[in-house]
There are 2 protein chains.
Amino acid sequence: MRADAQRNYDHIVAVARTVFYEQGTEASLDEIAKRAGVGPGTLYRHFPTREVLIDAVMKSWVDQIQAAADDAATSSAPPRELLLSWFRSFIAHISRQKGGPARLTAAMGNPESHIYGKCQVLKEANARVLDRLRADGALRDDIDSLEVCRLIGGVAAVADQAELDAAATEPLLDIVVDGLLAQGSSSGARGRTRSSAQPAK
Amino acid sequence: MRADAQRNYDHIVAVARTVFYEQGTEASLDEIAKRAGVGPGTLYRHFPTREVLIDAVMKSWVDQIQAAADDAATSSAPPRELLLSWFRSFIAHISRQKGGPARLTAAMGNPESHIYGKCQVLKEANARVLDRLRADGALRDDIDSLEVCRLIGGVAAVADQAELDAAATEPLLDIVVDGLLAQGSSSGARGRTRSSAQPAK
DNA sequence: ACCTGAACACCGTTCAAGT
DNA sequence: ACCTGAACACCGTTCAAGT
């Protein structure tokens, strides 16, 4: 790639990250082109579809997700806390752009999608955490990573679209985690540490 | 309302129902106007925003939802089956238009939305079912109907956007139901009747 | 009181002309 | 090889003119 092309490419991605953060993944591509100081044709040359651009913008969190999964997989926290905090960071990462969670859960399990690669990264990171818990016998044994990603992605999508804050999202996670832990689990009373938080205005 | 206006109103809603069913709730309003044989101005006179039109289209399932909730609330099925089959019909109803689940979950708890009334119907129908189970001591006691609606709405949104079939949705529901039932429930072994269904191609 | 359809603004997409 | 920007198609929205 020619030097000026590379510069344009990088700049468009940087601008898109900002605009998607401000306005969500449905933001005007025209505005992104204008703010990046390129013609609309240049944006289309590099990113033939919106999803290709979104994929490029998401490239930056792949390492962070994997690191978070490694942390969780080697943590010594009890299963319940471990799962909860892993899911919180999972959600935080995929929610960096408004509309991101819905796109990712829609693409999950659909190899045609341009962001399928990102879904695979999520699925494998999640699988590592689940495997760790399964080895401890803390997890029910009839679920796979794809199902869990869909469920947590669904929670993230709801939180994203209804603009729920963390306090309003926590109860949803709580229910899912309870449903995932092995029913005869040894994690004691399965401490229900909820503060009966109400959704914020 | 004048007779011709009423006729136009009804016809637009009928056409919108069809088009939304075919193409989802993002379908072109222009096309709906054309297919209904009215000018775009007429559609806008009756339905100033897309959500007002969607709300009118949804009017037809309110009674059905309430009937389904009454069925569930008076059923003698064991808690697990009762909840599962209520959630299945909840999802079926809100998924009649592509994009419907996402809109409803986004509007849930947001009184500004034009479809907030429909959300309230869902919330109250669901509350009746939950109350019945709570009275039996079958339900964990730290959840309210809004949270459950969001969670099930999230599952419906995922299924809708990823175009999952019933077999791929069931495992997600299964996990949520397990998370909702009282942990020391008397419902026996909490029979896990899953057929390890895999998501469809 | 209601409807029509032209007009406008905005956006995604294409492509001929430039460097 | 890459970029520009004019041009086109489509869609939501408004409103003056009609009945």
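Keep in mind that this is a model prediction, so the values were computed, not measured. When reading the values below, keep in mind they use all heavy atoms of this one structure, side chains included, and skip hydrogens, waters and symmetry mates. Protein chains get the first letters and strands the later ones, always in sequence-line order, with residue 1 at the start of each.
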Checklist entry - With no hydrogens and no angle check, is any side-chain donor or acceptor of A:Ser145 less than 3.5 Å from a backbone partner on A:Lys123? => result yes
Checklist entry - Does the side chain of B:Gln120 pick up a donor-acceptor pair with the side chain of B:Tyr116 at under 3.5 Å? => result yes
Checklist outcome for this item: Any stem touching DNA chain D, meaning at least three consecutive Watson-Crick or G-U pairs under 3.5 Å, ordered by first number, would be C:4-8 with D:12-16, C:12-16 with D:4-8
Item to check | A:Thr42 side chain, from C-beta outward: closest of D:dC11, D:dC3, D:dT14 | outcome: D:dC3
Next on the checklist: Check this one for me: any side-chain N or O of B:His46 less than 4.0 Å away from OP1 or OP2 of C:dC3?
Outcome noted: yes
Item to check | Upstream residue (5' side of DNA chain C) when A:Ala27 and B:Ala5 are each assigned their closest nucleotide | outcome: B:Ala5
Next on the checklist: Keeping B:Arg140 on the side-chain end and B:Gly179 on the backbone end, is there a donor-acceptor pair under 3.5 Å?
Outcome noted: yes
Checklist entry - In Å and rounded to the nearest 0.5 Å, what is the CG to CD distance from A:Leu164 to B:Glu147? => result 10.0 Å
Checklist entry - Nearest-Å distance, CZ (A:Arg45) to P (C:dG18)? => result 17 Å
Checklist entry - Step by step, would you call A:Ile12 with A:Leu53 a side-chain contact (heavy atoms from CB on, under 4.5 Å)? => result CA-CA 9 Å; A:Ile12 290 170; A:Leu53 178 55; 4.1 Å; yes
Checklist outcome for this item: Between CG of A:Asp10 and C1' of D:dC2 the distance, given in whole Å, is 15 Å
Item to check | Side-chain donor-acceptor pair present, B:Asn126, B:Trp86, cut-off under 3.5 Å | outcome: yes
Item to check | Interatomic distance where CZ belongs to B:Phe47 and C1' belongs to D:dT14 [whole Å] | outcome: 18 Å
Checklist outcome for this item: Among the nucleotides C:dC2, D:dC2, D:dG12, whichever has the atom closest to the side chain of B:Leu29 is D:dG12
Checklist entry - How many Å lie between CG on A:Leu43 and P on C:dT13, as a whole number? => result 10 Å
Next on the checklist: So, taking the atom named CZ in B:Arg50 and the one named CD in B:Glu26, what distance separates them when rounded to the nearest 0.5 Å?
Outcome noted: 5.5 Å
Checklist entry - To the nearest Å, how far apart are A:Tyr44 OH and C:dT13 P? => result 3 Å
Next on the checklist: Just N and O in the side chain of A:Asn8: are any of them under 4.0 Å from OP1 or OP2 of D:dC2?
Outcome noted: no
Checklist entry - In whole Å, what is the span from the CG atom of A:Asp30 to the C1' atom of C:dT13? => result 10 Å
Checklist outcome for this item: To the nearest angstrom, the CZ-P distance between B:Arg35 and D:dC11 comes to 12 Å
Checklist entry - C:dG5 P sits how many Å from B:Lys34 NZ, rounded? => result 11 Å
Checklist entry - Which of these nucleotides, C:dG12, C:dT13, C:dT4, is closest to any side-chain atom of A:Pro40? => result C:dT13
